[in-house]
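This report refers to the structure that appears directly beneath it.
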Amino acid sequence: MSNKVALTGHEILANAMRQINPDVVAAYPITPQTELVQLFSQFVADGKVDTDFVTVESEHSAMSATVGASAGGARAMTATAANGLGLMWEVVYIAASTRLPIVMPVVNRALSGPINIHCDHSDSMGARDSGWIQLYAEDAQEAYDNALQAIRIGEHEDVRLPVMVNMDGFIISHAVENAELLADKDVKEFIGDYNPDHSLLDPENQITVGPVDLQDFYFEHKRQQIDAMENAKDVIADVAQEYKEMTGRGVEYFEEYKLDDAEIGILALGSTAGTAKVAVDQLREQGVKAGLLKLRVFRPFPSEELVEALKHLDVLAVMDRAETFSTTGGPVFADVRSAFYDAKSDVEVVNYVYGLGGRDTRVEDVVSVYEDLQEITASGKVDNRVNYLGVRE
Amino acid sequence: MSKVNLKELSHQDERLTGGHRLCSGCGASIIVRQVLHATEDPVVVGCATGCLEVSTTIYPYTAWKDSFIHNAFENAAATVSGVEAAYRSLKKQGKIDGETKFIAFGGDGGTYDIGFQSLSGAMERGHDMVYVCYDNGAYMNTGIQRSSATPRNASTTTSPAGEVIPGKQQFRKELTDIIAAHNIPYVAQASPHNFKDLVRKARKAFEIDGPAFLNVLSPCPRGWRYPEDEAMDLLRAATDTCFWPLYEYENGEWNLNYNPKEKAPITDWLKPQGRFKHLFKEGNEYLIDEIQERTDRRWQEILHRCGETE
Ligand SMILES: Cc1ncc(C[n+]2csc(CCOP(=O)(O)OP(=O)(O)O)c2C)c(N)n1
Ligand code: SF4
């Protein structure tokens, strides 16, 4: 039985956390994640969860304590955004290499500087090489769905990796939406109990976590971490399938929106995918064969599947809400282009960096991208491989 | 509190095995053994990056018989906070039982400097853990760089004694007092040459409910530059000169644990150590006088605080 609600993204995600009922949550407030932590602490104060809530003095300690808790065999979560994730950075890597299935909502926000509290993906994209699985949501419903699935994915015995559940700051976190929450007992059943392979709190079987790992073994351990990420692909798909059977909702790696017969397409992640759907609908009414691929899973990167879904296009625009300063485009663009390289396809792939620091991206903006793509199709010429959408030049 | 019985303790198994790769004569392993002697319960050990950690956990080996976690340099206290939180939650839910004790070890770098915030946070939140700083007065593991625990005028690789600057310019930070200002139930300063005192303090720290902090002077033959078999004499000099007073702070009360019959001159502490060699060059007497003055003032403060003087 599910429950239809109209709540903010934060309220919906906080309810996911309540239903997950983690053993330990350690968190530190930062806009726009603050409200999530507050809502959750109320659940703790009201005895709605069994969680030991560690009110740490910084995000660095939030991630450190979460690592400690998870190594202690607890189901452990934290949440952050922007500079908070930046401060965690060192320990974010340690969480992944220690193979701890921590789940962390990241309420995406521009990473300073200059300081800016609004949405972009510079925070999570900055952590893209840290070894965390990364899921992105179009709306609060999907953030909720991702949070529940993240527990299953991360804790799977073939994976044992931490998972970032990304949700666009303000755009999703603070807006009220209709969503369907599962019944508490269904969530409980779906996520099951956490049975760690090892725990610091098993006095019969002492373990050493986080040793010095030199030339002799470090590389093999990295290789195992890569294998785990590889395994995560199947697990993500299986869990999505199971979730879909239960709820009727859910996609594996990405959602294909009017992509079958599309000639031009956009690849986007986060809330912009919703905006792009409206743009696609408008263009379709005018007879333009526009389509969208909404990416849900950015790490591991579903390379082959993406190419398969997109290779029939004439032109593809990859939307990036973050920069790499490589001067050759955004992070998603780099991966998508690289995926296409082997496919020997003749799809033109161009990049649009947009929405940095919360710059509004309207339907018209996305339509203008499709118009650019039409021009490229017509002329067969790409003037700018990397474009900055909505910036005053 | 149960009494420390040395005979009994000598029959206990060591919880840190031999075969680790700390330098011979290193204080860190001596301190760990003494502290772990003070509890019979299983413990979870957290450790900051530093000599102790890198020398005891070279994969695939470990010198620890208890469960051990190393996370990073500066977050031993936060990491153990998390393990202890897991313990509390799982215990409340009936998923685990039995008593486990939590302990974090950090060098002075990982405690006084980079780990200070995480330590302060953990102490303030009241986690039931014992934090032990093995204070060797420098970042030894990276090659003897100064820390805020380095004594004034010690020569280190980032505060070398040179033509115009005679070693480290600042006096050391009084971390023990700073932690006491957190109003936690138990704080103490100790030294491993006084085995009985250290084990008693560790036992108290384990048995107390809530956070406890021990600051333990830890000899380092490499960094202090003295013959490695003289560690215990040197530690004795540290307490006899009152460079390293032994005291404790328990539930708001200060207590002095050692009052030398005759206070030795600070040179007894400085002279045997290569890191202070330049102080004994002609013309540098004033540097020793300054250190003596500071040590005397500090000693008076401690005596006063502990109710040993009017
Ligand atoms: C964030 C970070 N900065 C620097 C280092 C390098 N580092 C490792 S151990 C260490 C010094 C440790 O000194 P201390 O805590 O006094 O312990 P000791 O080596 O004396 O045992 C340093 C600087 C590190 N590991 N992490
Ligand atoms: S360098 Fe000093 S602190 Fe490090 S292991 Fe050697 S003696 Fe111990």
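Below, read A as the first sequence line, B as the second, and so on, with proteins coming before strands; counting in each chain starts at 1.
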Assert top hit (heavy-atom pairs under 4.5 Å, partner chain B, pool A/Ala71, A/Gly72, A/Ala74, A/Ala65) equals A/Ala65
Note, B/Tyr186 side chain near B/Leu214 side chain (heavy atom, < 4.5 Å): yes
So for B/Ile96, is it side chain, backbone, both, or neither that comes closer than 4.5 Å to the heavy atoms of chain A? side chain
I need the residue from B/Ser81, B/Ala72, B/Ala77, B/Ala122 with the largest number of non-hydrogen atom pairs under 4.5 Å to chain A. B/Ala72
Under-4.0 Å salt bridge between B/Arg172 and B/Asp135: yes
Which one of B/Thr49, B/Thr79, B/Thr100, B/Thr56 has the most heavy-atom pairs closer than 4.5 Å to chain A? B/Thr79
Chain A contact via B/Val54 - side chain, backbone, both or neither, heavy atoms under 4.5 Å: both
So which part of B/Ile58 gets closer than 4.5 Å to some heavy atom of chain A, the side chain, the backbone, both or neither? both
Side chain to side chain contact (heavy atoms under 4.5 Å, CB included) assessment of A/Thr78 paired with A/Met88: CA-CA 11 Å; A/Thr78 179; A/Met88 284 179 182; 4.0 Å; yes
Chain A shares the most heavy-atom pairs under 4.5 Å, among B/Glu74, B/Lys65, B/Glu53, with B/Glu74
Pick from A/Asp216, A/Thr51, A/Ile94, A/Thr98 with the largest number of heavy-atom pairs that fall under 4.5 Å of chain B: A/Ile94
Is it the backbone or the side chain of B/Lys95 that comes under 4.5 Å from a heavy atom of chain A, or both, or neither? side chain
What do you reckon, are the aromatic ring centroids of B/Phe213 and B/His182 less than 6.0 Å apart? no
So, A/Gln19 and A/Tyr144: side-chain donor and acceptor under 3.5 Å apart, yes or no? yes
Counting heavy-atom pairs under 4.5 Å to chain B, which of A/Leu214, A/Asp23, A/Asn205 comes out on top? A/Asp23
Cationic N near anionic O, under 4.0 Å, B/Glu84 to B/Arg88: yes
Between atom CD1 of B/Ile144 and atom OG1 of B/Thr150, what is the distance when rounded to the nearest 0.5 Å? 10.5 Å
Both conditions, 6.0 Å and 45 degrees, for the charged tip of A/Arg75 above the ring of A/Tyr194: are they met here? no
Using non-hydrogen atoms only, which part of B/Gln117 is less than 4.5 Å away from chain A: side chain, backbone, both, or neither? both
Leading residue by heavy atom contact count with chain B [cutoff under 4.5 Å; candidates A/Ala69, A/Ser61, A/Pro22]: A/Ala69
Shorter than 4.5 Å, heavy atoms on both sides: which option in A/His198, A/Glu90, A/Gln206 has the most such pairs with chain B? A/Gln206
Using 4.0 Å as the upper bound for N to carboxylate O, is an ion pair formed by B/Glu207 and B/Lys101? no
As an exercise: rank B/Val80, B/Thr62, B/Val45 by heavy-atom pairs under 4.5 Å with chain A and give me the winner. B/Thr62
For B/Tyr61, I'd like to know if atom OH has over 12 heavy atoms of other residues, nucleotides or ligands within 6.0 Å. no
I'd like to know which of B/Asp66, B/Leu90, B/Ile69 tops the heavy-atom pair count under 4.5 Å against chain A. B/Ile69
